[in-house]
Amino acid sequence: MQTPSRTKLPLTASSSGCGCCSTQAPSSPPVETGVEYGVEGLTCGGCVASVQRSVSAVDGVESASVDLVPGGVSRLVIAGSAEPSAVRDAVTSAGYSLAKS
């Protein structure tokens, strides 16, 4: 039995080469950065939703997320260009306070 031969196809020539043998380093995905705040007084998912909703309404906030630490200082991470005083006011209006840093 004879093994079928394969046809070798030439690689397409380009200035940067193909994706697997390019001499350029692959571009890294953008790293999402944010500003972190400590929030005191959160005890449940309802508290988290209240803070996220309030902070998300602030001008310049692209996204807001809270990592809940019941009985401790929860972590609020905000992406965007919001003023820290506006963030503090939003957290306060939701009924909570920023932790002292």
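Note on residues 34-47: pairs passing side chain to side chain donor-acceptor pair (under 3.5 Å), not counting sequence neighbours, are Glu36-Arg75. For residues 45-58, no pair satisfies salt bridge (Lys or Arg N to Asp or Glu O under 4.0 Å), with sequence neighbours left out. Sorted by first then second residue, the salt bridge (Lys or Arg N to Asp or Glu O under 4.0 Å) pairs that include residues 82-97, not counting sequence neighbours, number zero.
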Evaluate the side chain to side chain contact (heavy atoms under 4.5 Å, CB included) criterion for residues Leu76 and Val91: first the C-alpha distance (whole Å), next the side-chain angles of each, then the deciding distance (0.1 Å), finally the verdict. CA-CA 10 Å; Leu76 167 64; Val91 170; 4.0 Å; yes
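In this structure Ser54 satisfies the side chain to side chain donor-acceptor pair (under 3.5 Å) test together with Ser93, sequence neighbours excluded. Taking the side chain to side chain contact (heavy atoms under 4.5 Å, CB included) definition, one finds that Val61 meets it with Val55, Val58, Ala64, Ile78, Ala82, sequence neighbours left out.
In terms of heavy-atom proximity, Tyr96 sits nearest to Cys47 at OH-SG, 3.2 Å.
Within the 4.5 Å cutoff, no side-chain heavy atoms of Val77 are placed close to those of Val35.
Hydrophobic clustering, with ILVMFWY side chains joined whenever heavy atoms are under 4.5 angstrom apart, keeps Leu68 apart from Val73.
For the atom pair Leu42 CG and Ser74 OG, the distance stands at 4.0 Å (nearest 0.5 Å).
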